[in-house]
Structures are given as structure tokens and as C-alpha cells.
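Reviewing the structure listed below.
Counting starts at 1 for both ligands and their atoms, following the listed order. Here, residue 1 is the first one in the sequence, and each next residue gets the next number.
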Amino acid sequence: MSAPSDHAASCTLSFDALVSLLEKIFLRHGTSTEVARCLAENCAGAERDGAHSHGVFRIPGYVSTLNSGWVNGKAVPVVEDVASGFVAVDASNGFAQPALAAARPLLVAKARSAGIAVLAIRNSHHFAALWPDVEPFAYEGLVALSVVNSMTCVVPHGADRPLFGTNPIAFAAPRADGEPIVFDLATSAIAHGDVQIAARKGELLPPGMGVDSLGQPTRDPKAILEGGALLPFGGHKGSALSMMVELLAAALTGGNFSFEFDWHNHPGAKTPWTGQLLIVIDPSKTAGQNFAERSQELVRQMHGVGLRRLPGDRRHRERSKSNEHGITLDEQTLAQLRELAGI
Ligand SMILES: NC(=O)C1=CN([C@@H]2O[C@H](COP(=O)(O)OP(=O)(O)OC[C@H]3O[C@@H](n4cnc5c(N)ncnc54)[C@H](OP(=O)(O)O)[C@@H]3O)[C@@H](O)[C@H]2O)C=CC1
Ligand SMILES: O=C(O)C1=NCCCC1
């Protein structure tokens with residue numbers, strides 16, 4: 001799939017039209033109708049919000065993975081009611097998003113009754129942005145935190161060779177006036193998807209993102225992708241967070257660490273076979289003042305000291321633009337999607 005370009009001829013389509021196109025692609029490549037809908041909405045949502053590293057750019061990777069037999073596109077997740085504040089799901093070697101969808105009602109009920117609940121997803125594949133997994137909880141007045149590990153491509157701070165994944169952390173919290181506060185960030189200096197996009201565009205990366213196959217710093221995305229590796233963001237601090245993600249998303253859930261799965265017998269496989277953890281908190285159960293008012297006050301104070309952009313602001317601007325004018329894709333990308341959909 002070509003990377004978004006400012007110069008290519010483009011066309012626009014509605015969110016629903018994009019979901020329906022992506023749904024056809026997933027169905028044509030062996031998913032169930034439920035999985036197709038779930039992944040299509042997730043991927044179209046990322047594209048709508050300008051999260052291009054995890055929008056339609058990912059579709060060929062989904063397709064080649066499904067074709068390789070690495071993931072079960074028809075997997076039925078098995079939800080386990082483990083304890084008062086704990087839900088587990090065996091994603092049955094399927095995608096993580098349908099597993100979350102299956103466990104969501106029980107997770108929310110537990111969070112509302114106990115004040116906090118944990119969801120441990122294992123045996124799952126996450127190939128998407130993480131914010132769609134947490135943002136909906138904040139729209140329901142809940143606070144949510146999620147972590148997912150991926151595939152070995154990040155050198156732990158102070159080490160010689162890669163071990164960690166790009167391991168994102170996403171957080172969402174409601175506020176009284178405005179969109180929820182949401183951030184979603186890879187614990188690597190740059191997401192793997194953005195390195196791939198830079199490589200396709202022939203662009204250099206900023207310094208400090210990765211190393212080549214000899215462990216030497218490089219700005220060449222191809223050198224990173226072909227035998228090189230990424231660095232954690234913020235040196236030892238990002239490295240510690242990435243280690244935490246491995247522990248929470250894999251050790252705690254029963255999923256694989258980023259270095260534990262071997263996809264070499266499945267040429268074309270791209271989706272990490274790991275785990276994911278979500279923590280959901282009902283702030284109405286805390287002894288403090290109204291949470292949404294307090295988070296609004298924090299935002300007010302941040303704006304008061306000159307802050308112009310909150311995490312999530314850019315996405316919401318892109319979302320509004322897409323909702324008003326449609327989602328813009330270049331013609332080549334749309335043609336590729338139609339071909340994959342068989343239309
Ligand atoms: N499934 C997987 O295994 C993996 C998925 N990913 C996904 O890749 C995506 C990209 O990650 P990453 O490249 O780290 O994200 P970015 O560095 O682009 O953004 C990280 C966060 O910071 C915010 N932000 C960015 N710039 C500013 C700014 N100047 N001021 C205030 N806030 C800012 C963003 O908000 P905004 O969105 O509004 O710009 C976002 O919430 C994520 O969605 C992540 O989940 C990454 C690794 C692995
Ligand atoms: O961009 C990334 O980094 C990743 N995205 C999807 C899963 C693999 C890592």
C-alpha cells in the first residue's frame with residue numbers, strides 16, 4: 001500500500017464507505033463477519049483520525065498474514081470470569097480487537113461494581129493503533145489504560161541487540177468539557193509503521209531513532225528495517241516502560257513476549273502473536289471530587305501556561321475534517337484496496 005502522499009491524485013470517501021470496503025477485504029481473505037466488521041471499523045477509524053501508520057497502510061499486512069495461516073481470522077474468543085476484578089480472554093490465535101469486544105460487557109460491569117477491573121488478553125494478534133481500545137471507555141465516564149507488546153525490534157537501553165517490541169501504552173480519561181484526554185505512544189523512539197512509511201517515501205528519519213545492522217546510529221529507515229533495530233524513546237526511561245509493557249502484556253496475561261514467537265514458517269506473517277492488558281477504573285467510586293471536573297481543571301491550567309496542543313487534539317481535528325469532507329485516499333491506494341476486495 002502506498003504511503004499517504006501530498007502530491008498524488010486523491011479521492012474522498014465516507015467513513016461508512018471505507019468500513020464497507022475494508023470489510024469486503026477481510027471477508028475475502030478468510031475472516032468471519034464479526035472479525036471483518038471489527039477490524040474494518042478499527043482500521044477505518046485510524047485512517048479517519050489521520051493515524052496513518054495504522055490505517056489502510058496496514059491492510060496488505062493483514063491480508064498477507066491471513067493468507068499465511070499465521071492468524072485465525074475466524075477465531076472465537078473465550079472469555080473467562082477469573083475473579084471479582086479480573087477478566088481473561090483466550091483470543092484463540094485471533095485478533096485482539098474481537099477478544100476485547102467479547103470481554104467488554106463483563107469488564108465494564110466489573111469496573112462499575114468493584115471500581116476497577118483488569119482484562120488480560122492472551123494468544124492474540126494486535127496490528128493496530130491502541131487508542132481505539134481505550135477511548136470508548138472514556139466516553140462512558142471510565143478511565144482506561146492499555147498496553148500491548150509486539151515483535152522484537154527495539155534494543156533495550158544499554159544492550160547490544162534488539163529484544164523488546166515497540167510496545168505502546170494508551171490512556172484515556174473523561175473530562176467535563178471536551179473530548180476525553182487520550183494519549184497513545186510507542187515506547188520506541190518511533191513506531192515501526194512510521195519507519196516503513198519513511199522507507200517507502202525515501203525519507204531520512206530524525207537522529208536517535210535507530211541503529212543499523214552493525215549497531216551504528218543511522219537515519220536510514222531501510223538500514224533499520226534490514227538488519228538494524230529501533231531504540232527506546234528517552235533512553236533508560238522508555239526502556240523501563242517497554243520492559244513494563246512486556247511484563248504486563250505477556251507475563252501477566254499468559255501471552256508471548258515479543259521475542260518468543262517464531263513466524264518464519266509463515267512467510268507473509270506480519271502480526272505479532274502476543275498479549276494485551278487493559279485496566280479500567282470507574283472514577284465515580286473514588287473518594288475524590290468529580291473526576292471529570294478535576295481533569296477539566298488540569299487541562300485549563302495546562303492551557304493557562306501556554307499549552308496549545310493536548311495529545312489527541314490532532315486526531316480530533318483530523319476526525320472532524322474527515323467527518324465533514326470525507327476520508328482522503330490517494331487514487332493508487334484506493335485502487336489497491338478495491339483490488340484486494342475483488343471489486
Ligand atoms: N499494535 C502495536 O503493536 C503497536 C501500535 N503502535 C501504534 O502506533 C501509533 C503511533 O505511535 P507513536 O508514533 O508513538 O505516536 P506519536 O509519537 O505520533 O504520538 C504519541 C502521542 O503523543 C501525542 N502527540 C504527538 N505530538 C504531540 C505534540 N506536539 N503535543 C502534544 N501531544 C502530541 C499524540 O497525539 P495525536 O494522536 O493527537 O497526535 C499521541 O497521543 C500509536 O497509535 C500506537 O498505538 C505502535 C507500536 C506498536
Ligand atoms: O508500528 C508498530 O510499531 C507496530 N505496529 C503494529 C504491530 C507491530 C508493531
| field | Within-4.5 Å side-chain heavy-atom neighbours: E140 and R112 | value |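 Touching, per the 4.5 Å side-chain cut-off.
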
| Does a donor on one side chain sit under 3.5 Å from an acceptor on the other, for N167 and E246? |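 Yes, a side-chain donor-acceptor pair sits under 3.5 Å.
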
| query | Going by atom types alone, do D220 and T218 pair a side-chain donor with an acceptor below 3.5 Å? | reply |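 T218 and D220 do not have a side-chain donor-acceptor pair below 3.5 Å.
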
| Does atom 35 (O) of ligand 1 have a protein heavy-atom neighbour under 4.0 Å away? |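 Under 4.0 Å from atom 35 (O) of ligand 1, at least one protein heavy atom found.
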
| message | Going by a strict under-4.0 Å cutoff (protein heavy atoms only), does atom 17 (O) of ligand 1 have a neighbour on the protein? | response |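 Under the 4.0 Å cut-off, atom 17 (O) of ligand 1 has no protein heavy-atom neighbours at all.
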
Heavy-atom distance to [atom]: which of [options] wins?
atom                    : options                : result
atom 21 (C) of ligand 1 : V154, N149, D49, D184  : D184
atom 7 (C) of ligand 2  : H192, K270, M151, H126 : H126
atom 27 (C) of ligand 1 : Q276, R309, R314       : R309

Looking at [X] and [Y], does any basic side-chain N land under 4.0 Å from a carboxylate oxygen?
X    : Y    : value
R315 : E135 : yes
E179 : R314 : no
R122 : E80  : yes

| message | Out of the candidates D90, N256, T253, only one should pair with N123 under the side-chain hydrogen bond (donor to acceptor under 3.5 Å, both in side chains) rule; please name it. | response |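 The option that passes is D90.
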
Against ligand 1, does [X] come closer than 4.0 Å with any heavy atom?
X    : result
D194 : yes
G312 : yes
A128 : yes

| For the ring-ring contact (aromatic ring centres under 6.0 Å, His included) test, which of F95, Y62, F127 pairs with F26? |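 Running ring-ring contact (aromatic ring centres under 6.0 Å, His included) over F95, Y62, F127 with F26 returns exactly one hit, Y62.
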
Considering only protein heavy atoms, which is closest to [atom], and at what distance to one decimal place?
atom                    : answer
atom 46 (C) of ligand 1 : A186 CB, 3.9 Å
atom 5 (N) of ligand 2  : H54 NE2, 2.8 Å
atom 22 (O) of ligand 1 : P311 CB, 4.5 Å
atom 9 (C) of ligand 2  : T166 OG1, 3.5 Å
atom 4 (C) of ligand 1  : P168 CG, 3.5 Å
atom 1 (O) of ligand 2  : G193 N, 2.9 Å

Just which atoms of ligand 1 are under 4.0 Å from any heavy atom in [X]?
X    : answer
L130 : 43 (O), 45 (O)
A129 : 43 (O), 45 (O)
F183 : 41 (O)
T166 : 47 (C), 48 (C)
D313 : 38 (O)
S150 : 3 (O)

| query | Taking the non-hydrogen atoms of R58, is any one of them nearer than 4.0 angstrom to ligand 2? | reply |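 The answer is yes: ligand 2 sits under 4.0 Å from a heavy atom of R58.
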
| request: Could you see which bit of H54 sits under 4.0 Å from ligand 1, with heavy atoms only: side chain, backbone, both or neither? | output: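 Side chain only.
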
| query | Would R319 count as a cation-pi partner of F15, with NZ or CZ less than 6.0 Å from the six-membered ring centre and within 45° of the ring normal? | reply |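 No - R319 does not lie over the ring of F15 by the 6.0 Å and 45° rule.
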
Is the number of heavy atoms from other residues, nucleotides or ligands under 6.0 Å of [X] [atom1] greater than 12?
X    : atom1 : answer
R294 : CZ    : no
R338 : CZ    : no
E339 : CD    : no

| field | N or O contact, P272 vs ligand 2, cut-off under 3.5 Å | value |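 Between P272 and ligand 2 (N or O atoms, distance only) the closest approach is not under 3.5 Å.
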
| request: Decide whether an N or O pair under 3.5 Å exists between W131 and ligand 1. | output: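 No; the residue has no nitrogen or oxygen that sits under 3.5 Å from a nitrogen or oxygen of the ligand.
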
| query | Closest approach of L277 and V118, non-hydrogen atoms and distance? | reply |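 Looking at all heavy atoms of both residues, the shortest contact is CD1-CG1, 3.7 Å.
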
| message | Please identify which of these residues, E41, H126, H125, meets the side-chain contact (heavy atoms from CB on, under 4.5 Å) condition with Q97. | response |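 Exactly one option meets the side-chain contact (heavy atoms from CB on, under 4.5 Å) with Q97, and it is H126.
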
